[in-house]
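Comments concern the structure below.
For clarity, every value in this text was computed on a predicted model and none was experimentally measured.
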Amino acid sequence: DRVLNTLKYILYFVFGLMLLLGIAAVVLIQNTIRLSIFSRRREIEVMKLVGATNAFVRLPFMLEGMLTGLLGAIGALVLLTVVYVALNGYDRGLTDPARLVGVPLLIAMLSAFGLLLGAFGSGITLRRFLRV
């Protein structure tokens with residue numbers, strides 16, 4: 001009973017940490033896109049003057065945010081791979097949850113989550129700072 005109680009608190013801590021890191025990732029992506037918007041202000045004005053649609057102006061910023069999220073996810077995957085290999089060499093039972101889901105599926109899910117987080121952060125920033 002005490003072990004289950006301790007495990008419950010560890011899971012609460014990990015969930016809280018995951019939520020905090022997700023919020024931090026969105027804020028970092030928002031700042032990246034905001035700086036990109038401000039640095040390309042003149043190009044955006046010229047594009048609008050020659051008749052570019054709103055979607056055409058916003059697409060590069062969405063792609064930049066998604067690329068930022070994907071690169072962050074790849075960095076996290078590299079760190080997770082190092083930890084996975086270390087834990088697998090120490091005790092194979094510690095990596096059972098990852099093998100249960102399937103490592104390729106886990107990689108795909110984390111990469112997709114990075115893309116979605118990047119798109120979400122970009123979308124919020126574009127709505128707020130890009131008036132086209």
Side-chain angles (χ1 to χ4, degrees):
D1 185 44
R2 184 175 170 168
V3 172
L4 290 177
N5 213 10
T6 305
L7 184 63
K8 180 175 72 171
Y9 288 122
I10 290 172
L11 288 175
Y12 285 151
F13 174 76
V14 168
F15 180 74
L17 187 64
M18 187 174 65
L19 189 65
L20 186 67
L21 289 174
I23 291 170
V26 168
V27 169
L28 285 171
I29 290 170
Q30 284 180 326
N31 283 334
T32 301
I33 299 302
R34 186 171 50 94
L35 289 173
S36 183
I37 290 170
F38 286 139
S39 72
R40 297 181 190 150
R41 196 56 97 178
R42 291 197 191 280
E43 289 89 349
I44 293 170
E45 290 175 13
V46 170
M47 287 168 62
K48 289 305 289 179
L49 285 174
V50 297
T53 63
N54 291 344
F56 187 80
V57 173
R58 291 175 186 218
L59 183 66
F61 297 109
M62 285 295 288
L63 292 175
E64 184 177 352
M66 291 172 70
L67 183 64
T68 303
L70 181 64
L71 290 175
I74 288 171
L77 283 169
V78 167
L79 290 175
L80 282 172
T81 301
V82 169
V83 170
Y84 178 82
V85 168
L87 287 177
N88 202 22
Y90 179 71
D91 182 11
R92 290 189 61 86
L94 292 173
T95 57
D96 282 346
R99 278 197 304 269
L100 183 67
V101 173
V103 175
L105 178 63
L106 195 59
I107 290 171
M109 286 175 21
L110 290 174
S111 298
F113 184 70
L115 281 172
L116 289 176
L117 211 58
F120 178 71
S122 294
I124 290 173
T125 305
L126 288 173
R127 183 172 298 144
R128 208 163 125 197
F129 289 104
L130 189 62
R131 303 281 181 231
V132 290

task: Enter the distance from L117:CG to L70:CG here, rounded to the nearest 0.5 Å.
output: 11.5 Å
message: Suppose we screen for side chain to side chain contact (heavy atoms under 4.5 Å, CB included). Which residues come up paired with F15, at least two apart in sequence or across chains?
response: M18
- line: Residues L126 and R58: closest non-hydrogen pair is CD1-O, 3.8 Å
- prompt: Between N31 and R34, does any side-chain donor sit less than 3.5 Å from a side-chain acceptor?
  reply: yes
Separation of I44 CD1 from L49 CG (nearest 0.5 Å): 12.0 Å
task: Using a 4.5 Å cut-off on heavy atoms from C-beta on, say whether the side chain of L110 contacts that of L80.
output: yes
Residues, nucleotides or ligands: over 12 heavy atoms within 6.0 Å of F113 CZ: no
task: Apply side chain to side chain contact (heavy atoms under 4.5 Å, CB included) to L67 and list each qualifying residue two or more places apart in sequence or on a separate chain.
output: L71
statement: Closest non-hydrogen contact found for M66 with L115 is O-CD2, 3.5 Å
query: Which distance, rounded to the nearest 0.5 Å, do you find between the CG of L17 and the CD1 of I10?
result: 13.0 Å
field: Whether S39 side chain and S36 backbone form a donor-acceptor pair below 3.5 Å
entry: yes
statement: Here the pair of heavy atoms bringing G114 nearest to A73 is CA-CB, 4.0 Å
- prompt: What residues, two or more places apart in sequence or in another chain, satisfy side chain to side chain contact (heavy atoms under 4.5 Å, CB included) together with F56?
  reply: M47, A52, T53
field: Within-4.5 Å side-chain heavy-atom neighbours: M62 and I33
entry: no
query: What heavy-atom pair brings F61 and S122 nearest, and what distance separates the two atoms?
result: O-OG, 3.5 Å
Rounded distance [0.5 Å steps], CG in L35 versus CZ in R40: 11.0 Å
query: Which pair of non-hydrogen atoms, one from L77 and one from I107, has the smallest distance, and what is that distance?
result: CD1-CG2, 3.9 Å
task: Rounded to the nearest 0.5 Å, what's the gap from OG1 on T32 to CD1 on I37? Could you check?
output: 11.0 Å
query: If you round to the nearest 0.5 Å, how far is CG of N88 from OG1 of T81?
result: 11.5 Å
query: Do I29 and I23 share a hydrophobic cluster (ILVMFWY, side-chain heavy atoms under 4.5 Å, transitive)?
result: no
